[in-house]
Amino acid sequence: MTPRKIIIDTDPGQDDAVAILLALASPELDVLGLTAVAGNVPLHLTERNARIVRDLAGRTDVPVYSGAEAPLERGLVTAEHVHGKTGLDGPPLPEPKAPLAEGHAVDFLIDTLRREPAGTVTLVPVGPLTNIAMALQRAPDIAARIPEIVLMGGAYFEVGNITPAAEFNIYVDPEAAEIVFRSGIPLTVMPLDVTHKALTTRARVDAFAALGNETGRMVAAWTDFFERFDKEKYGSEGAPLHDPCTIAYLLKPDLFTGRRINVEIETQSDLTRGMTVADWWRVTDREANAYFVGDIDADGFFALLTERLARLP
Ligand code: BDR
Ligand code: CA
């Protein structure tokens, strides 16, 4: 089987880190590159964190490109209150072993999509959608070459995590999200509705730690750190492992169920900025533009994740 080519656009983030590791551990996927974007923490930290994570997987061959420093039209909002000062707080972090790839993430996205055969490179954005929107604005021809975008962002039943109405990734750059959701590219969306069901319980974190490799140890320490905030906030057993849902979907789509519906992005209202107005009940005649996921086989998801992380150093 030829592995599926993907580019992960990311703002690591502990859950981003786990998504990247899951992808790098999976022979079904060929990760052409990681493109960093400002989000959970500023860009100089997200591009550094992406390099630390690729090193952990023993994959200095995967290029990391630095991308947008700020959203298209707004000042950056970050989430150190969740992810800590570095974005990857928890275990002590090593220095990255290798530098950034030369060039801008947006150019890498455009050049790669133009160079590879049309329909062969899937985009997996797990942060604010700034880089992806910039690429689509600058090179509208790439839209027709992208077979699918599988992204983490938005919410319907769970409504919001950064404001009462909005999920973080969409809230940070709603104008970018609007460009992506109106692009006509097939979208698969992992909103909070599904990621809030992928909870890192004690037993699941212990299973990472028990793998006996460095990756398992780091992932357990990251998820332990990341949990404290959500446990307190939601009174839940653990924290949602948001971003790895995208990669797990590429590996085992049967773990997930959702609906093809219309999703529009609120960009005007200050109160509901970044809300994903999802027509889950199909009460409008607006055309479906996304496969909006609502449910997950969480045990199957964690079994897959644990089995794959065991393959890494
Ligand atoms: C999303 O926001 C970030 O904090 C996480 O990495 C995830 O991508 C969840 O709302
Ligand atoms: Ca993220």
Side-chain angles (χ1 to χ4, degrees), residues 7-23 34-43 45-50 52-53 64 67-68 71 76-90 105 123-132 149-174 176-177 180 188-200 219 222-223 225-230 233-234 236 238-249 265 273-276 278 292-293 296:
I7 298 173
I8 304 176
D9 188 73
T10 175
D11 63 336
Q14 292 87 351
D15 61 319
D16 300 69
V18 180
I20 295 166
L21 293 169
L22 176 59
L34 305 175
T35 51
V37 67
N40 286 322
V41 284
L43 184 67
L45 291 171
T46 60
E47 49 94 335
R48 184 171 192 278
N49 292 346
I52 291 172
V53 175
V64 175
L76 178 65
V77 176
T78 53
E80 284 87 355
H81 60 293
V82 184
H83 300 275
K85 237 169 54 186
T86 63
L88 282 184
D89 276 17
L123 302 184
V124 188
V126 291
L129 288 160
T130 320
N131 285 339
I132 310 298
I149 296 180
V150 181
L151 68 93
M152 190 280 138
Y156 179 63
F157 293 99
E158 292 286 308
V159 200
N161 60 357
I162 185 75
T163 72
E167 179 280 328
F168 180 78
N169 289 342
I170 308 295
Y171 175 81
V172 171
D173 199 342
V180 171
T188 294
V189 179
M190 294 291 161
L192 298 180
D193 305 342
V194 63
T195 68
H196 279 184
K197 294 172 185 159
L199 292 180
T200 56
V219 168
W222 276 328
T223 43
F225 178 88
F226 183 56
E227 268 187 6
R228 90 223 175 281
F229 173 78
D230 285 299
K233 181 173 164 195
Y234 297 112
S236 55
L241 214 41
H242 307 281
D243 295 344
C245 290
T246 55
I247 303 293
Y249 175 80
I265 310 295
R273 155 184 172 182
M275 187 172 196
T276 43
F292 200 80
V293 177
I296 182 174

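When a ligand or atom number is given, it counts from 1 through the structure's own listing order. Just so we're clear, the structure is a prediction, and the values are computed from it rather than from any experiment. Numbers here are sequence positions counted from 1.
Atom CG of residue Asn161 and atom CD1 of residue Ile170 lie 10.5 Å apart, to the nearest 0.5 angstrom. For the atom pair CG (Asn40) and CG (Asp243), the distance works out to 7.5 Å, reported to the nearest 0.5 Å. The CG atom of Leu192 sits 8.0 Å away from the OG1 atom of Thr276 when rounded to the nearest 0.5 Å.
A heavy-atom distance below 4.5 Å is found between the side chains of Pro42 and Glu80. The closest side-chain heavy-atom distance from Thr10 to Val126 is below 4.5 Å.
Between His242 and Phe226, the ring planes lie perpendicular to each other; the angle is over 60°, past the 30° to 60° tilted range.
Residue side and main chain included, Gly127 places no N/O/S atom under 3.0 Å of the Ca ion (ligand 2). Within the coordination shell of the Ca ion (ligand 2), defined by N, O or S atoms under 3.0 Å, Asp15 is absent.
In Asp243, the N, O or S atom that comes nearest to the Ca ion (ligand 2) is OD2. Shortest distance from the Ca ion (ligand 2) to Asp11 is reached at OD1 (N/O/S atoms only).
With 3.5 Å as the limit, one finds a donor-acceptor pair spanning the side chains of Thr35 and Asp9. If you check the side chains of Thr86 and Asp89, you find a donor sitting under 3.5 Å from an acceptor.
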List, pair by pair, the atoms of ligand 1 and of the protein that are both N or O and lie under 3.5 Å apart, giving the separation rounded to 0.1 Å.
unit_1	atom_1	unit_2	atom_2	d
ligand 1	2 (O)	Asn169	OD1	3.4
ligand 1	4 (O)	Asn40	OD1	2.7
ligand 1	4 (O)	His83	NE2	2.8
ligand 1	6 (O)	Asp15	OD1	2.7
ligand 1	6 (O)	Asp15	OD2	3.2
ligand 1	6 (O)	Asp16	OD1	2.9
ligand 1	6 (O)	Asn40	ND2	3.2
ligand 1	6 (O)	Asp243	OD2	3.2
ligand 1	8 (O)	Val126	O	3.0
ligand 1	8 (O)	Asn169	ND2	3.0
ligand 1	8 (O)	Asp243	OD1	2.6
ligand 1	8 (O)	Asp243	OD2	3.1
ligand 1	10 (O)	Asn161	ND2	2.8
ligand 1	10 (O)	Glu167	OE2	2.4

